[in-house]
Amino acid sequence: MSENKKVSEIFGEYVFNDSVMKERLPKKAYQKLRQVMAEGGELDPATADIIAHEMKEWAIEQGATHYTHWFQPLTGVTAEKHDSFITAPDDEGHVLMSFSGKELIKGEPDASSFPSGGLRATCEARGYTAWDCTSYAFVRHDAAGATLCIPTAFCSYTGEALDQKTPLLRSMQAVNEQSLRLLRLFGNTTSKKVIPSVGPEQEYFLVDREKYLKRKDLIYTGRTLFGSMPAKGQEMDDHYFGAIRPRIAAFMKDVNEELWKMGVPAKTQHNEVAPAQHELAPIYETCNIAVDHNHLVMEVLKKKANEHGLQCLLHEKPFDGVNGSGKHNNWSITTDDGINMLDPGKTPHENLQFLLVLTCILKAVDRHADLIRESASNVGNDHRLGANEAPPAIISVFLGNQLDDVIGQLCSTGVATHSLEGEVLDTGVDILPEFMKDATDRNRTSPFAFTGNKFEFRMVGSQDSISMPNVVLNTIVAEAFKEACDELEASEDFDGTLHDLIKRQAIEHQRIIFNGDGYSEGWVEEAERRGLPNIHSMVDAIPTLTTDKAIKLFEEFGVFTKAELESRAEVLYENYAKSINIEARAMINISSKTLIPAIIKYITSLADSINSVKAAGCDAVSVQTDLLNESSALLTEARDALAMLEEVTDKGKAMAEGREQAVYYHDVVFEAMAALRAPIDKLEIIVDKKMWPFPSYGDLIYEV
């Protein structure tokens, strides 16, 4: 620990958090800011100036010379422009350090240079960043020194959202409003706000940086485009939860310390299933803060890895044949006075408020399964979903034995009379303690699983922002709550209507519940019989954003306009095509300039060896000849596949951007890439290791 300090002493050290504001701000300014944070509204210019001044003074004490509006454009990563605190020099050449309320609240990055899907033309440059005062500012230390980072939203001159945060904040407003309506119906008059809470588990790989720099495919694309499996993969499951190696432990220690200083509550760390794979999980936080902090987690993982001579790989599938990486998004809704609306209590069959919330969520997930699937779609996740530890592409809900039994009672008899209880765990060993088992098991094959007092959305990709998945969850639940509240508020018989509503929603949406093996072929067939969508790829998922159903949903709650949805679809199509184009070009470059020359060199040496043996009058050349013939045949296959990949990639690049191009890259270019990889991966096993031009899978995932 830094300077032998305790975690409690360093946590939030670099954050302009509530305790710092309470200490440094005048009481009136502090109370006004807290009011805006809790209820919304605007800060008056005088108060904004006071806050900006104190924030600047505090940041300078932390070593900061610059500030930046830290935002989340549609690039998938964060963006920032740094300005120093200095003002223009006076006549004597002296400068002052200043920071105004206007500079705190508003920034003006170039809106036309970020992806906008047509919302901003090249000539329409102006965009605005707006301070999100509910997410604390922080100071980040790196090679540039110390910078005050101010979390902001990013919108166009005409007000459209050009980022991940603005729709998220809108969706949080929507679910708050409808949740409060529901709580009031059950007599709750004390809760003033309902907040979606999120805890994202971050999976990642670590490889030696020196070896990484020898793999152009990893550098260009984040994943290996070539590579055969080593003799040992993850078959023995000995890496999972295994002892953390010293080099990795030192890295994790530094990651934790930096995250704690920036107020990120990093809690859990362990080895994941695949060799060289690990996980970091935080404590739950308010939704928008969790999104901000997850971006910080990804940035710190990459930064600290480099400092330790490592490379952090956040791609969903950096290595073919072993588990990919995801980001389990644990979601719940909690009141400002600590009530978790997803807590079933000890007798969930009697907890009518919980049963209404639960059946509303079942309705929301069933009705908008396509949107949920789209929210977890990206290019890397296409390699991951449906295999190994990842959930299938079919959206379903796991409830567990206890709640499944309650729902079954509601569907069959119309009333739930009992709840299954946990039993004592019997290990058969006298010296081990006895304790009560949970009333239900867990299901790691479910994409949307109830896990006690929250839902775990397991499909999100490891390098993705968790913003869009939570935008969708917040909005679809807000819709289901609104429809339930409309019906209950209009009824003169609340109890009877509530009973009928819970029963009806349970029956109508029971098809979305599945507690079995989501990886089985039988489930695919069963899901089709149930009428559940099976969306296989990102390209197939994107159209769900612009259906009439989706537009109606998002416009009703002010989360997205039709134009914003259409723009995001265009951005996603372009991103998919560009990503596959980069991968294809990388394959062409690597195979033509590195791999094929190495293979030719090996084949030539093999032929020379055969000729030498023959010249010596020996006939024992059958093995060498077989290797020569096999290698030559695979080389010919690779050459032909390379020519085809070049042809189809050139054709795809020449197409107009949009859905047609994205579909072409998915259906044609991606298949051509697989055709080139197959013979080269076979050749890697044959060619002398000393002649193979870059580190193998075994070198990367075992030698860390």
Side-chain angles (χ1 to χ4, degrees), residues 1-3 5 7 9-17 20 55-73 75-86 97 99 103-104 107 109 114 129 131-132 135-152 154 164-165 202 204-210 212-213 219 222 247-248 250-266 269 278 280 282 289-314 463 465:
M1 191 67 63
S2 302
E3 301 175 2
K5 290 183 178 180
V7 176
E9 293 176 315
I10 68 168
F11 190 85
E13 183 178 331
Y14 296 153
V15 185
F16 194 69
N17 55 28
V20 175
M55 188 183 290
K56 179 260 298 181
E57 291 295 304
W58 169 84
I60 291 173
E61 291 171 14
Q62 309 302 316
T65 57
H66 289 68
Y67 71 92
T68 181
H69 277 197
W70 187 69
F71 60 103
Q72 301 163 22
T75 55
V77 294
T78 57
E80 53 199 66
K81 179 185 72 171
H82 297 194
D83 289 295
S84 70
F85 290 119
I86 66 171
M97 306 287 273
F99 184 49
E103 290 170 316
L104 168 63
F114 290 102
T129 48
W131 177 34
D132 173 14
S135 183
Y136 296 128
F138 58 94
V139 169
R140 186 182 61 203
H141 295 260
D142 54 27
T147 305
L148 172 64
C149 298
I150 303 161
T152 58
F154 177 44
Q164 305 274 17
K165 170 163 282 196
Q202 179 69 56
Y204 60 95
F205 280 81
L206 289 174
V207 298
D208 184 84
R209 183 163 173 79
E210 185 177 343
Y212 163 85
L213 292 173
I219 293 172
R247 187 179 183 187
I248 306 303
F251 156 81
M252 289 180 170
K253 175 179 179 293
D254 283 356
V255 166
N256 286 331
E257 286 191 24
E258 180 145 348
L259 289 175
W260 291 335
K261 288 177 180 179
M262 292 193 291
V264 180
Q269 60 189 32
H278 311 277
L280 182 154
I289 297 174
V291 172
D292 288 352
H293 281 176
N294 185 247
H295 277 289
L296 281 179
V297 166
M298 292 189 284
E299 291 176 11
V300 170
L301 287 173
K302 290 186 284 188
K303 170 188 169 185
K304 290 298 179 182
N306 289 349
E307 292 177 6
H308 285 262
L310 299 166
Q311 185 68 34
C312 176
L313 304 178
L314 292 174
Q463 64 185 326
S465 167

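When all heavy atoms of Ala305 and Leu206 are compared, the pair lying nearest together is CB-CD2, 4.0 Å. The minimum heavy-atom distance between Val15 and Gly263, with the atom names listed, is CG2-N, 3.5 Å. Considering all non-hydrogen atoms of both residues, Ile150 and Trp131 come closest at CG2-CD1, 3.4 Å. Residue Ala137 comes nearest to Pro151 through the heavy atom pair CA-CD, 3.8 Å, listed as atom of the first residue, atom of the second, then distance. Among all heavy-atom pairs drawn from Ile10 and Glu257, the shortest one is CD1-O, 4.1 Å.
By the 4.5 Å heavy-atom criterion applied to side chains, Val297 and Leu301 are counted as neighbours. Residues Lys165 and Val291 have side chains not in contact (no heavy-atom distance under 4.5 Å, counting atoms from C-beta outward). Looking only at side-chain heavy atoms (C-beta outward), Phe251 and Arg247 stay at 4.5 Å or farther from each other. Put simply, the side chain of Pro265 reaches to within 4.5 Å of the side chain of His293, judged on heavy atoms. Taking the side chain as every heavy atom from C-beta outward, Val300 and Val264 never approach each other to under 4.5 Å. Contact check for Lys56 versus Leu148: no side-chain heavy atoms found under the 4.5 Å cut-off. Side-chain contact between Val139 and Glu13: absent, with no pair of heavy atoms (C-beta onward) separated by less than 4.5 Å.
Ring geometry, His66 versus His82: the interplanar angle falls from 30° to 60°, so the pair is classed tilted. Using bins of under 30°, 30° to 60° and over 60° for the plane-to-plane angle, the ring pair His278/Tyr204 lands in the tilted bin.
Taking the six-membered ring where the residue is Trp, the centroids of Phe85 and Phe99 are separated by under 6.0 Å.
Between the OH atom in Tyr212 and the CG atom in Leu310 there is a gap of 12.5 Å [rounded to 0.5 Å]. For the atom pair OG1 (Thr65) and CD1 (Ile86), the distance works out to 9.5 Å, reported to the nearest 0.5 Å. Distance check: Lys253 NZ to Ile248 CD1 gives 15.0 Å after rounding to the nearest 0.5 Å. Residue Gln311 holds its CD atom at 10.0 Å from CG of Asp208, rounded to the nearest 0.5 Å. Interatomic distance, OG1 of Thr75 versus CD of Gln164, reported as 8.0 Å (0.5 Å rounding). Once rounded to the nearest 0.5 Å, the distance linking CD1 of Ile60 with CE of Met55 reads 12.5 Å.
Note on Glu80 versus Arg140: salt bridge recorded, some NZ/NE/NH1/NH2 to OD/OE distance being below 4.0 Å. For Lys261 and Glu258, the salt-bridge test fails: no basic side-chain N is under 4.0 Å from an acidic carboxylate O. In summary, Lys303 and Asp142 do not engage in a salt bridge, as defined by a charged side-chain N under 4.0 Å from a carboxylate O.
Between the side chain of Thr68 and the main chain of Lys81, a donor-acceptor pair closer than 3.5 Å is present. Of the possible polar contacts, one joining the Asn256 side chain to the Met252 backbone as a donor-acceptor pair under 3.5 Å is found.
Across Trp70, Phe16, Trp260, a single residue satisfies ring pair (Phe, Tyr, Trp, His ring centres under 6.0 Å) together with Phe138, and that is Trp70.
For Glu9, the CD atom counts as densely surrounded, since its 6.0 Å shell holds more than 12 non-hydrogen atoms of other residues, nucleotides or ligands.
There is no side-chain donor-acceptor pair under 3.5 Å between Gln72 and Ser465. His69 and Thr152 share no side-chain donor-acceptor pair at under 3.5 Å.
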